[in-house]
Amino acid sequence: MKKELKNNFKTKLVYYSNIDLETFYAELNSSETGLSSSKAKELLESNGPNIIKSKRKSTVFSRLLEALVNPFNIILIIISVVTFLTDIIFSQNKDYITFFTIVFLIIVSSAISFVQSQKSASSADKLSKMIVNSVDVFRDNKLETIPITDIVVGDVIKFSSGDMLSADVRIISAKDFFISQASLTGESLPCEKEAVNKSNSSNFLDFTNIGFAGTNVISGTSIAVVFATGQDTFYASIAASLSKRKPKNSFEKGMGSISKLLMIITFIMVPIIFLVNGLVKNDWINSLLFAITVAVGLTPEMLPVIMASTLAKGAVKISQKKVIVKNLSSIQTFGEMDILCTDKTGTLTEDKIVLEKYLNPLGKDDLRVLRHAYLNSYFQTGLKNLIDLAVINHAKEEKLESILSKYTKIDELPFDFVRRRMSVILEDTFNKKQLITKGAVEEIIKICSFYDVDGKVLELNEEIKKQILAVYSAYNNEGLRMLAIAQKNFNLNK
């Protein structure tokens with residue numbers, strides 16, 4: 001069975017997804033309390049670190065080879081070899097100038113490209129080293145934090161909001177556990193993971209008790225067991241396909257077409273000139289030299305230097321804007337762009353949200369709205385988004401921190417993309433229980449029967465709903481993001 005699992009990834013997932021936990025732990029030589037430190041160290045040494053390796057690794061030699069081998073340089077190298085033979089080896093009057101000039105131009109253009117690519121690679125390596133990911137695992141029956149590279153098969157991991165799944169795992173227990181699989185499926189909506197596979201789909205990405213490396217936790221908590229790391233993960237198979245050589249960009253295609261044209265012209269004209277000149281003058285040695293001179297004249301020797309230096313200058317200017325250019329030829333692609341579109345929040349902005357207003361249903365400022373929003377954002381567990389941080393920071397400016405000591409959290413209902421709201425249940429010092437909900441304006445209005453203005457609770461009729469939506473639309477049209485806050489007092493004992 002183990003051999004079949006190794007050869008068929010889908011079979012392995014189906015098998016690990018459906019077997020009972022006792023068998024699952026036995027297959028991995030693990031237990032519900034995790035591995036011992038000695039066992040984990042032994043597995044790490046035998047199986048290697050949890051790293052996805054790229055087949056095309058960029059090294060100093062590969063970057064030097066890429067800088068040296070390009071269509072124009074190949075033409076110049078061929079010409080330099082022929083020139084070396086005709087002007088130096090087989091010539092009585094040795095002429096070193098042409099040969100060394102061509103070699104110098106090849107070295108200069110290659111050096112410019114290599115130095116720029118080396119700088120870019122060095123900057124990228126420094127950035128990657130700044131990012132250190134860790135994970136909480138159970139070792140020796142206690143929870144400890146280790147680097148993700150030290151994860152081994154059989155590790156029991158605890159995940160919470162904001163964590164990244166760095167190995168393929170089976171979910172053992174979960175509470176409101178939602179993860180984003182956009183990196184694998186392209187689906188923007190998060191999916192819920194549970195301890196039991198409730199999916200009837202044959203697509204293993206839909207298995208509800210399997211988590212994949214490369215995905216990240218949106219909300220909730222979970223305990224999971226690792227069954228695949230590094231090159232054995234599903235993400236590694238995708239990374240292998242992405243590491244294949246990229247198609248040529250427009251600059252490289254243009255370079256190739258010009259070089260091809262020059263080579264065709266050279267291969268056609270040089271023999272013709274050699275034959276015609278030899279037959280007319282009957283001096284075949286001088287005819288050969290003249291034909292080679294024509295070939296040298298047809299090739300623009302300075303063009304590689306001009307191109308490399310121009311692209312390098314462009315890369316330097318872009319680097320002043322804190323952009324790393326790893327491939328010089330991509331500068332040409334940048335120049336061809338008319339419109340740049342991005343869906344990454346924070347890429348073109350400060351990645352910061354500021355709370356501007358806190359309004360009652362009639363559109364007037366009300367500190368009680370900020371107060372309830374503050375309680376909701378503060379007491380929610382897991383990763384707080386930018387809106388939560390904006391609410392918390394503004395509440396601190398209004399000196400509202402003192403109210404936190406009056407409340408204790410009992411439970412919460414995390415945000416999901418169906419309800420489009422999240423709720424916390426709090427209890428104050430007078431034993432009053434309160435549900436505070438935050439979410440999309442349309443969703444909150446649907447579930448409310450009353451509205452609160454200046455401490456007065458009134459029935460929410462259609463006319464007030466239209467007024468609330470009018471206020472919402474007015475601010476929304478100005479580009480402001482609006483959320484609604486609702487609260488309900490109740491007794492859990494009834």
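For the residue pair Gln380/Glu412, the side-chain donor-acceptor check at 3.5 Å is not satisfied.
Minimum interatomic distance between Leu68 and Ser110 (heavy atoms only, all atoms of both residues): CD1-OG, 3.4 Å.
Considering only heavy atoms from C-beta on, Tyr16 stays 4.5 Å or farther from Phe207 through its side chain. Between Val391 and Lys438 there is no side-chain heavy-atom pair separated by less than 4.5 Å.
Separation of the Tyr378 and Tyr407 ring centroids does not fall under the 6.0 Å cut-off.
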- [ ] Output, in order, the C-alpha distance, side-chain angles, deciding distance and verdict of side chain to side chain donor-acceptor pair (under 3.5 Å) for Glu27 and Tyr15.
- [x] CA-CA 11 Å; Glu27 286 277 347; Tyr15 178 68; 2.8 Å; yes
- [ ] Before giving the answer on salt bridge (Lys or Arg N to Asp or Glu O under 4.0 Å), spell out for Lys433 and Asp411 the whole-Å C-alpha distance, their side-chain angles and the decisive distance to 0.1 Å.
- [x] CA-CA 11 Å; Lys433 285 133 181 111; Asp411 201 358; over 6 Å; no
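The aromatic rings of Phe227 and Phe24 sit perpendicular, their planes meeting at an angle over 60°, well past the 30° parallel limit.
The side chain to side chain donor-acceptor pair (under 3.5 Å) pairs that include a residue from residues 139-149 are Ser37-Asp140, Asp136-Thr145, Arg139-Asp155, where partners are two or more places apart or lie in different chains. Within the structure, salt bridge (Lys or Arg N to Asp or Glu O under 4.0 Å) pairs that include any residue of residues 160-171 do not occur (at least two apart or interchain).
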Review item, side-chain donor-acceptor pairs of residues 475-483, under 3.5 Å, at least two apart:
{"from": "Asn477", "atom 1": "ND2", "to": "Ser473", "atom 2": "O", "distance (Å)": "3.1"}

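No more than 12 heavy atoms of other residues, nucleotides or ligands lie within 6.0 Å of NZ in Lys158, so this atom counts as exposed by the packing criterion. No more than 12 heavy-atom neighbours from other residues, nucleotides or ligands sit within 6.0 angstrom of CD on Glu22. Within 6.0 Å of CD on Glu401 lie more than 12 heavy atoms contributed by other residues, nucleotides or ligands. Residue-environment remark: NZ (Lys409) exceeds the threshold of 12 foreign heavy atoms within 6.0 Å.
In this structure, the side-chain contact (heavy atoms from CB on, under 4.5 Å) partners of Ile447, at least two apart in sequence or on a different chain, are Arg421, Ile444. Residues satisfying the salt bridge (Lys or Arg N to Asp or Glu O under 4.0 Å) test with Lys193, not counting sequence neighbours, are none. Taking the side-chain contact (heavy atoms from CB on, under 4.5 Å) definition, one finds that Ala174 meets it with Ile171, Phe177, Ser222, sequence neighbours left out.
Judged by distance alone, the side chain of Asn197 and the main-chain N or O of Asn209 form no donor-acceptor pair under 3.5 Å.
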